[in-house]
Amino acid sequence: MKITVTVIKADIGSIGGHICPSRRLLARVAEYVADQSSGLIIDSHVGCTGDDIAILFSHQQGISSEKVHKLAWDAFVAGTETAKEQGLYGAGQDLLKDAFSGNVKGMGPAVAELEFEERPNEPFLLFAADKTDPGAYNLPLYLSFADPMHNSGLILSPSMNRGFTFAIMDVSHTEADRVIELNAPEELYDIAALLRDPERFVVESVRSRNNGEVAASISTTRLHNIAGKYTGKDDPVMLVRVQGAFPATGEVLSPFSIGHYVAGFMRGSHTGPLMPVKKSTPTSFFDGPPIVSCLAFCVHQGKFTEAVDAFDHPYWDHIRDKVSRKATEIRRQGFFGSAMLPYSELEYGGIVEKMKRIEQGFVDRKTTELVEH
Ligand code: F6R
Ligand code: MG
Ligand code: MG
């Protein structure tokens, strides 16, 4: 049976700042999806990470289905009404256009989709991150699909012996989707050369070279590029098929033990370590730290099992402690140097005005003055 798994997420309002949606808001989105989805959707799941709500669908409408995208958009519009009624902060924040036009891409919400012939058992992972951007997944994807230090299956399993193809998007190119496909292991150094710059180059999908099937899909939205100004960080979602010809679940989770530094954190303008968290975790310290949740499912004939919370395990408590220490440490240097993102990535326009004003105060010192001093 050929099915599509689609996840669409948006920040449409939260309690107490950019922290967490209300229970009523989540319930409203879930209720809207349940009411409107009959005949279109096989199954769905609604959850939250930080201030973002993610709707997961299974269906047979294919990738970029207008009907499925519209259902998600309408659910977020309905949720926004509730968010406004409750006076939630940032109600409707990620709905950047007034009316739906064919596809949520370019309208604010983030989307990741996988279409495949269902295996007899089809396990997959849904990742949702808050207070960071899509490049945050570059390093974990590189390590779990191309590095035997995390993926022992690259050594041990004949079904992964040919490696994987990475489709990488240049997200600074806004006129059209600009993508390159590179093969691991032969082109590892080229892949690394691009992925080292996660604000510009983002893994869009990964495909098995053994069976040609899609393994992973990542949202590549840059809200900054859509709106031309700060509208919140892009808070990416990702779907990863696991086991068999794909990495094992634990091999995909393994790189998240690093707590690698990503862009985002307070005001989308800082560097912070990515903390693997349990589902529905709000953000806190310095509007962060950047967080990522992971729900594991099996899908069978389009029906989802209940979700298992992959980072809800004592092992990850130890990682969370380490990440808290890393977050505290980098925050000790405040605005200085690499603790804050470069000028091009700062998410607030205020600094542009400030720099213009300061610029006027600079004077070119004359060579003669230099000699006199
Ligand atoms: C980062 C984020 C928050 C806000 C901050 C200020 O992605 O959502 O850190 O940037 O709380 O929020 P505003 O500008 O809405 O007052
Ligand atoms: Mg927000
Ligand atoms: Mg968010």
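In each ligand, atom 1 is the first atom listed, and ligand 1 is the first ligand listed.
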Report the C-alpha separation of K326 and E329 in whole Å, then their side-chain angles, then the decisive distance to 0.1 Å, and conclude whether the salt bridge (Lys or Arg N to Asp or Glu O under 4.0 Å) test is met.
-> CA-CA 5 Å; K326 288 179 72 166; E329 196 50 46; over 6 Å; no
F246: what forms a ring pair (Phe, Tyr, Trp, His ring centres under 6.0 Å) with it, not counting sequence neighbours?
-> none
Rounded to 10 degrees, what angle sits at the Mg ion (ligand 2) between D11 OD2 and H18 ND1?
-> 120°
Does Y89 approach ligand 1 within less than 4.0 angstrom via side chain, backbone, both or neither, non-hydrogen atoms only?
-> side chain
Would you list the atom pairs, donor with acceptor, under 3.5 Å between side chains in residues 77-84 and any protein atom, with sequence neighbours excluded?
residue: T80; atom: OG1; partner: F76; partner atom: O; Å: 2.7

Between Q61 and T4, is any side-chain donor less than 3.5 angstrom from a side-chain acceptor?
-> no
The one among Q93, H18, K131, H270 that brings a heavy atom closest to atom 12 (O) of ligand 1 | H18
Can you give the angle D51 OD1 - the Mg ion (ligand 3) - D52 OD2, rounded to 10°?
-> 90°
R196, CZ atom: more than 12 neighbouring heavy atoms under 6.0 Å | no
Of all the N, O or S atoms in D130, the one nearest to the Mg ion (ligand 3) is OD1
Taking distance alone, with no angle check, do D51 and ligand 1 share an N/O pair under 3.5 Å?
-> no
Have a look at ligand 1 and work out which part of M266, if any, has a heavy atom under 4.0 Å from it: side chain, backbone, both or neither.
-> both
